[in-house]
Amino acid sequence: MGASDRLAVAAARPRHAAPCAATVLGEPLPASDDHGLVHPSADFAAQALVSSPQQYLEMYQRSIDDPAGFWSEIAETFYWKQKWSPEEVCNENLDVTKGPIKIEWFKGGKTNICHNAVDRYVEAGDGAKIAMYWEGNEPDQDGKLTYSELLDKVCQLANYLKSVGVEKGDAVVIYLPMLMELPIAMLACARIGAVHSVVFAGFSADAIAQRITDCKPKVVITCNAVKRGQKLIPLKDIVDASLVESAKNGVTVGICLTYENQLAMKKEDTQWIAGRDVWWQDVVPNFPTRCDVEWVDAEDPLFLLYTSGSTGKPKVQGVLHTTGGYMVYAATTFKHAFDYKPTDIYWCTADCGWITGHSYVTYGPLLNGATVLVYEGAPNYPDPGRCWDIVDKYGVTIFYTAPTLIRSLMRDGSVYVDRYSRKSLRVLGSVGEPINPTAWRWFYNVVGDSRCPISDTWWQTETGGFMITPLPGAWPQKPGSATFPFFGVQPVIVDEKGREMTGECSGYLCIKNSWPGAFRTLYGDKDRYETTYFKPFSGYYFSGDGCRRDKDGYHWLTGRVDDVINVSGHRIGTAEVESALVSHPKCAEAAVVGIDHEVKGQGIYAFVTLVDGVPYSDDLRKSLIMAVRSQIGAFAAPDKIHWAPGLPKTRSGKIMRRILRKIASRQLDELGDTSTLADPGVVDQLISLSDS
Ligand code: PRX
């Protein structure tokens, strides 16, 4: 039975068991049939773009039966300088046994994503519409840009970049906080066909250097500093250190374009290297506000985004997205998963340094002509009511965030939420990790006043856009389930042998086909691309996640099944943390596992073996944590360092992480068989040192 058949079963079943059109319109199902379903209200469903399971199913079925026709019709609503060849809407091979992996969409088409996200709306007469609101760290700091003003600013920066020799295909690294200049910089690169690589402004100098060394940018764009809450972060100093580091690796960057973030730091307090460093404000505003776009091929690269891999290699991998398919997919998923309407004020709390900020702060919303809110500060500053203060201030209608923030605000208490009206809200969204039903219900009942559907969107850096997500007017929801696949996506759940399972089942989540937003390769590492994602289960894209499908066809993501840890929705490879730990001169060996964490979802637990004769001390613990902070960033700092005189290894020397996970989570009666260990005694030793 294929994916669409299973869904058809799920939709047909409602008449007997679960959802049906009548329930979507608000009529309650008989109590015995209602398995904790939360229905969109009749009002919501009546105005929704997709307002019933039947409508969804018809669209979904069409997207599977005729992907070329389905996606072509949508793609035609964008501007293309030259249309794609009709017979090449999608070329794909996802089966390594049949040759190299290939994914191409809209081949032969020429377009520009910046044109479609900005110029298109100005040309259509919507130039006066607000494209972006900006809220600063302090509640009295704000700003805004209309679509016309955004176009002017993007063009000026694009002209500057061209003037210093940035050309189509060149990489530009962007290390900026959530100022409007960050999406402006992304769009300026896209406008001239340059490939942006945004590095989250919480990464350390070493981490930036690793990325610069890999993609060799002509220019790095940063700002002098940012204030997050009460903390001042000197971003330019961090970039300076990274440029010293990358120069040691043979990559010298000629220009560091620096925005003066006057609210955080004055020019005169900023370290400066004459000849290399350039103040944004000194040069960019002098350039013309018109800049012809570079028409690029649908398959020309748009951006590189580095993320943690799952192959046990400490090196991060550059996920490469191309232009045409990504554009169509980011825009379409945004529109449907949030039931977007032109009057919406949309706020996504993610940082543009992650994929969520790429697809759902910058590209997806602007491609729909939406008004986006960009927030620079911390969500709980100056107090845990800040998010709702912002919602009321701007009349936010769609609020998209991560379970970790929901849990942290939930812990602070509903009192901070109740102080604000939040009546503008109509759709909520969640991303980054599984949302536990308790957090889901709090989000739904307290934040959304039991009025706003929640789109729990499952996707990844690699997928470019939503893969499994509720369409908020279409289906009743089950708290904690990402529900059903987006149009054109065929999720399959396979067992360890790669056999597709049907009906109610649990296993490895794969995708059977390609979709327009799929990443095309890992930059400079096609082998790793194929090995990680396409070789584990021949013929499928392997997500690295576990998933359960229930009897009604709803999907429940169960977390990573590989060696990637998800801390507060941030993806961190265990191998990266281990490599940072063993770089410490007193650390001989390290093994890192994830543990459950009440707020962060997962925490980092590190078993550390010290060099012979070195005594464990609290200072040493701190300096080991510091090693991780400086090689990756503060967000990757281990929550716990566990002194390990020895690690549980098989006779062939492989560390048995299964046992370490059990020790870390104190599930000592579930250690399983330890007899195959080279030295079973280490297990007792580790348990006895658990509280050290
Ligand atoms: O484990 C899944 C989890 O986040 C991983 C992807 O991380 P990243 O590439 O950094 O992208 C995060 C934002 C899309 C996935 O493999 N994940 C993401 N969204 C969800 C999720 N897990 C469960 N439910 C989600 N809604």
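Atoms within a ligand are numbered from 1 in the order they appear, just like the ligands themselves.
Residue contacts with ligand 1, taken as heavy atom pairs separated by less than 4.0 Å, do not involve Val564 at all. Using a 4.0 Å cut-off between heavy atoms, Thr457 contacts ligand 1 through its backbone alone, with no side-chain atom that close. Counting heavy atoms under 4.0 Å from ligand 1, residue Thr461 touches it through both backbone and side chain. Both the backbone and the side chain of Gln460 come within contact range of ligand 1, each with a heavy atom under 4.0 Å.
Considering Gly432, Ser543, Ala482 only, the shortest heavy-atom separation from atom 17 (N) of ligand 1 involves Gly432.
In terms of polar-atom proximity, Ser430 is not counted as a contact of ligand 1, lacking any N or O under 3.5 Å from an N or O of the ligand. Annotation: Thr307 places no N or O atom under 3.5 Å from an N or O atom of ligand 1; distance criterion only.
Listed by number with element, the atoms of ligand 1 under 4.0 Å from a non-hydrogen atom of Asn566 are 3 (C), 4 (O). The Thr356 neighbourhood of ligand 1 comprises atoms 13 (C), with distances under 4.0 Å to a heavy atom of that residue.
Not a single heavy atom of Trp354 sits closer than 4.0 Å to an atom of ligand 1.
No close placement of the Tyr540 and Phe534 rings is indicated, their centers lying 6.0 Å or farther apart.
Of the residues listed (Arg211, His358, Gln317, His196), the one engaging Leu305 in a side-chain contact (heavy atoms from CB on, under 4.5 Å) is His358, and it is the only one.
Side-chain N or O atoms of Glu299 include one that pairs as donor or acceptor with a backbone N or O of Trp105 at under 3.5 Å.
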